[in-house]
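Below is a structure I'd like to ask you about.
When a residue number appears, it is its place in the shown sequence, counting from 1. As a basis for the values below, the full set of heavy atoms in this structure was taken, side chains included, without hydrogen atoms, waters or symmetry mates.
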Amino acid sequence: MAQPERSANSAQFIESLREQSDVRRNQAPPPAFLQPPRPSEQGNALAQGLLQQQRETSQRSKKQARALYFVSFSIPEEGLIRMLPEARELDIPAVVNGLIDNDMRKTAEAVFRITREKNTGGVQIDPTQFSRFGITSVPALVVTCGESTYDIVRGNIRLRQALERVASGGDCAATAKTILAENPV
């Protein structure tokens, strides 16, 4: 008869361990390795700074660019090597319609090859801008002034010359003059 008594004692013992475990679990905080990390003062400041940068970038991207330079990877690399730094100097974003062979790696490698010499330039991939302005051939410069007013200069000419053409008689002459004045030779 010792057997049933021993089983009853074992069951009571296990039950008491469960109760103690439940009590401890409800009273004590989880071990440090299970707790979410607490941001340090420095980490919190860094996170706030990054959030602020993201907000500013988002606001800038929501603003309509004063000018856009439409290019393509179908343009020989030697030409892009000349064109992209000039766009950067004038603070005009260079825009391409899409990825090379629909491959981000190939596109990134091409951008690196084009920009490594002078370490300036770069491109934005934005097919919506091509549609918005009806760009079907490149290079093309679009100078905007207002929501629906813009000038387009097409052809392989220097950006500064294209801006001077718009400044001399385009609908957005004031915008082109401002860009040229902000970026003297």
Mind checking whether Ile114 and Phe112 sit in one hydrophobic cluster, side chains of I, L, V, M, F, W, Y counted as touching below 4.5 Å?
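No, because Ile114 and Phe112 fall into different hydrophobic clusters, even though each may have its own neighbours under 4.5 Å.
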Work out which heavy atom in Pro93 is nearest to a heavy atom in Asp91; give both atom names and the distance.
CD-O, 3.8 Å
Hits for side-chain hydrogen bond (donor to acceptor under 3.5 Å, both in side chains) against Asn183, two or more places apart or cross-chain, chain-then-number order -> none
Is there side-chain contact between Leu163 and Ile92, with heavy atoms separated by less than 4.5 Å?
yes
Applying ring-ring contact (aromatic ring centres under 6.0 Å, His included), which residue pairs with at least one partner in residues 164-185 are found, sequence neighbours left out?
none
Set of salt bridge (Lys or Arg N to Asp or Glu O under 4.0 Å) partners for Glu77, sequence neighbours left out:
Arg113
Thr175 and Cys145, any side-chain heavy atoms less than 4.5 Å apart
yes
Donor-acceptor under 3.5 Å (Asp151 side chain, Asp171 main chain)
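A pair under 3.5 Å: yes.
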Minimum heavy-atom distance between Leu80 and Pro85, given as atom pair plus value:
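Minimum heavy-atom contact is O-CD, 4.0 Å.
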Would you sort out whether Val95 and Phe130 count as a side-chain contact (heavy atoms from CB on, under 4.5 Å), showing the intermediate values?
CA-CA 8 Å; Val95 183; Phe130 277 76; 3.8 Å; yes
Just by distance, do the side chain of Thr149 and the backbone of Gly146 share a donor-acceptor pair under 3.5 Å?
no
Please list, chain by chain and in numerical order, all residues satisfying ring pair (Phe, Tyr, Trp, His ring centres under 6.0 Å) with Phe73, sequence neighbours excluded.
none
Quick check for you: to the nearest 0.5 Å, what is the distance between Ser168 atom OG and Lys177 atom NZ?
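Reported to 0.5 Å precision, the distance equals 8.5 Å.
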Mark yes when over 12 heavy atoms from residues, nucleotides or ligands other than Arg165 sit less than 6.0 Å from its CZ; otherwise mark no.
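No.
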Taking C-beta and beyond as the side chain, do Arg158 and Met83 meet within less than 4.5 Å on heavy atoms?
no
Suppose we screen for ring pair (Phe, Tyr, Trp, His ring centres under 6.0 Å). Which residues come up paired with Tyr69, at least two apart in sequence or across chains?
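Ring pair (Phe, Tyr, Trp, His ring centres under 6.0 Å) check on Tyr69 returns nothing, list empty.
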Side chain to side chain, Leu180 and Arg160, heavy atoms closer than 4.5 Å:
yes
Contact list for residues 99-110, test side chain to side chain donor-acceptor pair (under 3.5 Å), sequence neighbours left out:
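Found Asp101-Lys106.
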Main-chain N/O of Arg66 paired to Thr144 side chain as donor or acceptor, under 3.5 Å
yes
Does any part of the side chain of Val138, heavy atoms only, come nearer than 4.5 Å to the side chain of Ile75, both counted from C-beta?
yes
Side chains of Phe70 and Ile152 in contact at under 4.5 Å (non-hydrogen atoms):
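The answer is no, as the side chains (C-beta and beyond) never meet within the 4.5 Å cut-off.
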